[in-house]
Amino acid sequence: MKINIFWFRRDLRLEDNTALNKALAEGIPVLCVFIFDTSIIDELPQDDPRISFIYHTLSELNVQLLKYGSSLLILKGDPVILWKNLAESYSIKAVFVNKDYEPYSILRDLNVESILFQRSIPLNRFKDQVIFEEKEILKSDNSPYTLFTPYKNRWIKTLSGMTEILTVSPVNVRSDFFKKIYPFPSLETLGFRKSLKRVHPFDLTVIRTYDKYRDFPAMDKTTYLGPHLRFGTVSIRKIVKKGLEGNAVFLDELIWREFFMQILFNYPHVVIGNFRSKYDNVPWRNSESDFEKWSTGQTGYPIVDAGMRQLNETGYMHNRVRMVTAGFLCKHLLIDWRWGEACFASHLLDYELSSNNGNWQWAAGTGCDAAQYFRVFNPATQQQRFDRERVYIKRWIKEIDTRDYPSPMVDHDFARKRVIEAYKSGFLL
């Protein structure tokens, strides 16, 4: 029997799933596959909360597929080898995927496509996790934007002329899913353990007041959409429609996400290097003991320490506090932004390479549209503005008013002068 195969990746839902609907519209059975890619997961702890979230979501998808007399085929290993095996085991007409724009994913898909091509099986790719992908929002000379505001303006203008792309499609069931029930593996069988950290359900009710309350961590008025957008448990089209209807500032955050995605695609050197090469010679101090104090929330700056402790305990950190903690590491401690980026990557439930990289380079002043190197946020001022009553701080630092809490590890004025001189000296090397 000829079948199509749909490969779940960053699109863990049946509703409004572009490539899945395209596969189902072909008129032949569709087998749904998910692969735990060992080149990725082997670097993660067994109880990584993102794996637990993926597994829980796959379990829910499997239950939905059972209603159609089908199920999810879960595999683990090297995708190239696994697709070679699948091509030998099934009579595949075509494979359908939604595009991924990260460097590793692009290379992986090219390798899989090569294996399938040898067997005359096309790999059909579709845009799904963004409204506009890497080459759709360009300057008049067809070069990529590297500043956010003109990118945003073009993004909004382009969308206003083609709002039909925000149509949310239900599951296309004109053709059956592949009628076979595969055993659903346990988390332990796959080599993982359940994490105690959990991904919050997203909350769209806060969108209308997002601009008023988003900077105040104690109020907790954020959507918790990050992990759901990262793993595609919700359609970006649905969320952008909510943003258009509800709050321009919230919509800006969604556009920032796509801006950083197209930066990563068009300038892949940012994965390991500064977007602006003139910062390549900044003489980072890179003190391991200072980094340890920062990463464990022992700097003596309460707003920084509260953020790091929230991150370590829950896998989340409030957006305003992310900016403060990142800026403190790079500019108060003169530690390379890549150290902080790696720390966030290992802890954040909503970790996404493009956004994490882009925001860290913004904080360090090395990115495409970054805070200038001489802008050094004062953590004490940030605390006074956004957590004046120390509600957020007391929530995460139990010993805040005792002798057990450390004194500030560096003076702000001293640190500000030091980092400005360090950046200036880097320009001259």
Side-chain angles (χ1 to χ4, degrees), residues 148 152 197-230 239 242-257 260 294-295 297-332 340 343-344 347-352 355-356 358-360 362-363 370-371 375-401 405 408 412:
F148 174 72
K152 179 188 79 169
K197 297 177 184 177
R198 68 183 186 90
V199 172
H200 293 279
F202 59 84
D203 180 6
L204 302 183
T205 64
V206 304
I207 291 177
R208 291 196 176 277
T209 57
Y210 182 81
D211 57 319
K212 296 180 181 179
Y213 304 123
R214 67 172 183 146
D215 283 324
F216 300 94
M219 301 187 74
D220 199 23
K221 293 288 186 178
T222 53
T223 62
Y224 286 99
L225 266 169
H228 299 277
L229 288 175
R230 170 66 178 86
I239 301 305
K242 291 287 187 181
L244 284 167
E245 296 163 0
N247 196 291
V249 175
F250 173 76
L251 181 64
D252 279 359
E253 295 303 309
L254 299 176
I255 302 173
W256 268 108
R257 174 176 173 267
F260 282 139
W294 173 83
S295 62
Q298 297 289 338
T299 69
Y301 282 90
I303 193 70
V304 174
D305 294 339
M308 294 308 299
R309 295 186 192 195
Q310 181 188 20
L311 176 63
N312 291 329
E313 186 171 328
T314 69
Y316 285 95
M317 190 193 298
H318 187 273
N319 289 342
R320 165 61 59 172
V321 184
R322 293 189 196 196
M323 183 191 73
V324 176
T325 58
F328 184 87
L329 181 75
C330 300
K331 294 183 175 178
H332 280 71
C343 175
F344 273 27
H347 289 290
L348 283 173
L349 293 173
D350 63 0
Y351 167 68
E352 189 166 59
S355 294
N356 194 46
N359 283 313
W360 268 98
W362 184 93
R375 291 183 64 194
V376 183
F377 290 105
N378 186 334
T381 303
Q382 293 288 307
Q383 176 182 319
Q384 185 67 12
R385 289 182 62 189
F386 301 114
D387 194 33
R388 183 188 297 270
E389 303 300 322
R390 302 193 307 165
V391 175
Y392 174 76
I393 287 166
K394 290 180 179 179
R395 185 179 302 160
W396 296 106
I397 308 177
K398 304 305 181 186
E399 78 280 16
I400 184 63
D401 293 318
Y405 186 67
H412 168 70

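Atoms considered below: every heavy atom in the structure, side chains included; atoms not considered: hydrogens, waters and symmetry mates. Computed from a predicted structure; not experimentally measured.
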To the nearest 0.5 Å, what is the distance between [atom1] on [X] and [atom2] on [Y]?
X: Thr314; Y: Trp396; atom1: OG1; atom2: CH2; result: 5.0 Å
X: Arg208; Y: Lys242; atom1: CZ; atom2: NZ; result: 8.0 Å
X: Asp211; Y: Leu251; atom1: CG; atom2: CG; result: 12.0 Å
X: Ser355; Y: Asp350; atom1: OG; atom2: CG; result: 8.5 Å
X: Asp215; Y: Asn319; atom1: CG; atom2: CG; result: 9.0 Å
X: Trp360; Y: Phe344; atom1: CH2; atom2: CZ; result: 5.0 Å

What verdict does the side-chain contact (heavy atoms from CB on, under 4.5 Å) test give for Arg257 and Leu229, after you've listed the backbone C-alpha separation in whole Å, the side-chain angles of each residue and the deciding distance to 0.1 Å? CA-CA 10 Å; Arg257 174 176 173 267; Leu229 288 175; 4.2 Å; yes
Would a distance-only check, ignoring hydrogens and angles, find a side-chain to backbone donor-acceptor pair under 3.5 Å from [X] to [Y]?
X: Lys197; Y: Tyr316; answer: no
X: Trp294; Y: Met308; answer: no
X: Thr325; Y: Arg322; answer: yes

Any side-chain heavy atom of [X] within less than 4.5 Å of one from [Y]?
X: Ile239; Y: Ile207; result: no
X: Asn359; Y: Phe260; result: yes
X: Ile303; Y: Phe386; result: no

- Message: Listing request: all salt bridge (Lys or Arg N to Asp or Glu O under 4.0 Å) pairs with a residue in residues 376-397, at least two apart in sequence or in separate chains.
- Response: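 Qualifying pairs, neighbours excluded: Arg390-Asp401.
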Check your understanding: Which pairs count as salt bridge (Lys or Arg N to Asp or Glu O under 4.0 Å) when at least one residue sits in residues 302-318, sequence neighbours excluded?
Key ->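 Qualifying pairs: Arg309-Glu399.
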Distance-only donor-acceptor pairs under 3.5 Å for side chains of residues 219-228, two or more places apart:
unit_1: Asp220; atom_1: OD1; unit_2: Tyr224; atom_2: OH; d: 2.7
unit_1: Asp220; atom_1: OD2; unit_2: Tyr224; atom_2: OH; d: 3.2
unit_1: Thr223; atom_1: OG1; unit_2: Leu225; atom_2: N; d: 3.2
unit_1: His228; atom_1: ND1; unit_2: Thr233; atom_2: OG1; d: 2.8
unit_1: His228; atom_1: NE2; unit_2: His200; atom_2: O; d: 2.8

Under 3.5 Å, sequence neighbours excluded: what are the donor-acceptor pairs made by side chains of residues 377-384?
unit_1: Asn378; atom_1: OD1; unit_2: Ala380; atom_2: N; d: 2.9
unit_1: Gln382; atom_1: OE1; unit_2: Arg320; atom_2: NH1; d: 3.0

What closest approach, in Å, do [X] and [Y] show between heavy atoms, and which atom pair accounts for it?
X: Asp203; Y: Thr205; answer: OD1-OG1, 2.5 Å
X: Ala363; Y: Ala326; answer: CB-CB, 3.7 Å
X: Gln310; Y: His318; answer: OE1-N, 3.4 Å
X: Val321; Y: Gly307; answer: CG1-CA, 3.5 Å
X: Gly300; Y: Tyr405; answer: C-OH, 3.2 Å

| query | For Arg214, what residues pass the salt bridge (charged side-chain N to carboxylate O under 4.0 Å, His left out) criterion, not counting sequence neighbours? | reply |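 Salt bridge (charged side-chain N to carboxylate O under 4.0 Å, His left out) check on Arg214 returns Glu253.
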With sequence neighbours excluded, what pairs up with Lys152 under the side chain to side chain contact (heavy atoms under 4.5 Å, CB included) test?
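Result, side chain to side chain contact (heavy atoms under 4.5 Å, CB included) vs Lys152: Phe148, Ile156, Asp252, Ile255.
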